[in-house]
S.K.: 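For reference, the structure I am asking about is given below.
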Amino acid sequence: MIGKKLPDVTFKTRLRDDSLGGPNPYRWAETTTADYFAGKRVVLFSLPGAFTPTCSTYQLPEFEKLHPAFAERGIDEIYCVSVNDAFVMNAWGRQQGLEHVKLIPDGSGDFTRRMGMLVCKDDLGFGLRSWRYAAIVNDGVVEAWFEEPGISDNCATDPYGESAPQNILDKLAVPAAV
Ligand code: BEZ
């Protein structure tokens, strides 16, 4: 996976636009892979679903909390992608009080499929979702890859460790002081 260029896709996002007024001031916006990744060194992580327990209790809040440590190591953004639509991802971000991690809705699974990470979770009634992984991505190219072991459909366990933020941090050097 190291050296892979991220697939070019267009994500259907919902952008807040207060000029719209009313109780739900969001509009559709098409955001491409290049919009998110070009010219930046980022951490990308993916998980099976918004609001699910491990993702909501550990993975997403830990990335949010550790944002300053990632910034210190030269990471410009932290992105979380999930096969969920923009309404769900925005609601999850609000519920989590996110200030740093940005959520990317891959509702159709197009990005995840082309990353080779789409798995079936029909055992839980989830349909197609993402296997859990994380990557350091530099200008749209995978620099480091952290994939949970045992990628498979309808996996009875939900491994979480390799893609945990502390594991990634441990592999990122702090730049030497000048
Ligand atoms: C989780 O706890 O994050 C989880 C639960 C069920 C399915 C996938 C993930």
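All ligand and atom numbering here is 1-based and tracks the order in the structure.
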S.K.: Quick one: which of Tyr58, Tyr79, Trp145, Phe63 gives a ring pair (Phe, Tyr, Trp, His ring centres under 6.0 Å) with Phe45?
M.R.: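 Filter result, single survivor: Phe63.
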
S.K.: If you have a sec, work out which protein heavy atom is nearest atom 6 (C) of ligand 1 and how many Å separate them, to one decimal?
M.R.: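 In this structure, atom 6 (C) of ligand 1 has Leu124 CD1, 3.9 Å as its nearest protein heavy atom.
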
S.K.: How does Tyr160 reach ligand 1, if at all, at less than 4.0 Å between non-hydrogen atoms: by side chain, backbone, both, or neither?
M.R.: neither

S.K.: Asp139: what forms a side-chain contact (heavy atoms from CB on, under 4.5 Å) with it, not counting sequence neighbours?
M.R.: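 Testing Asp139 for side-chain contact (heavy atoms from CB on, under 4.5 Å), a comparison that skips the adjacent residues, returns Ala38.
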
S.K.: Show your working on side-chain contact (heavy atoms from CB on, under 4.5 Å) between Leu60 and Leu103 and close with a plain yes or no.
M.R.: CA-CA 10 Å; Leu60 180 55; Leu103 303 179; 4.2 Å; yes

S.K.: Could an N or O of ligand 1 be found under 3.5 Å from any N or O of Thr52, whether backbone or side chain?
M.R.: yes

S.K.: Is the gap between the ring centers of Trp28 and Phe87 under 6.0 Å?
M.R.: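 Ring centres of Phe87 and Trp28 closer than 6.0 Å.
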
S.K.: Just jot down the salt bridge (charged side-chain N to carboxylate O under 4.0 Å, His left out) partners of Asp110, sequence neighbours excluded, or say none.
M.R.: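 Listed in chain order: Arg113.
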
S.K.: Considering only heavy atoms of Pro48, which atoms of ligand 1 have at least one such atom less than 4.0 Å away?
M.R.: 8 (C), 9 (C)

S.K.: Could you tell me, atom by atom, which parts of ligand 1 come under 4.0 Å of a heavy atom of Arg132?
M.R.: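 Per the distance check, 3 (O).
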
S.K.: Which protein non-hydrogen atom lies closest to atom 2 (O) of ligand 1, naming both residue and atom, and how far is it?
M.R.: Thr54 N, 2.7 Å

S.K.: Below 4.0 angstrom from a heavy atom of Cys55, which ligand 1 atoms are there? Numbered from 1 as shown, please.
M.R.: 3 (O)

S.K.: side-chain contact (heavy atoms from CB on, under 4.5 Å) for Leu128 and Val83? Distances and angles first, verdict last.
M.R.: CA-CA 8 Å; Leu128 296 170; Val83 181; 5.6 Å; no

S.K.: Looking only at protein heavy atoms, which one is nearest to atom 9 (C) of ligand 1, and what is the separation?
M.R.: Asp158 OD2, 3.4 Å

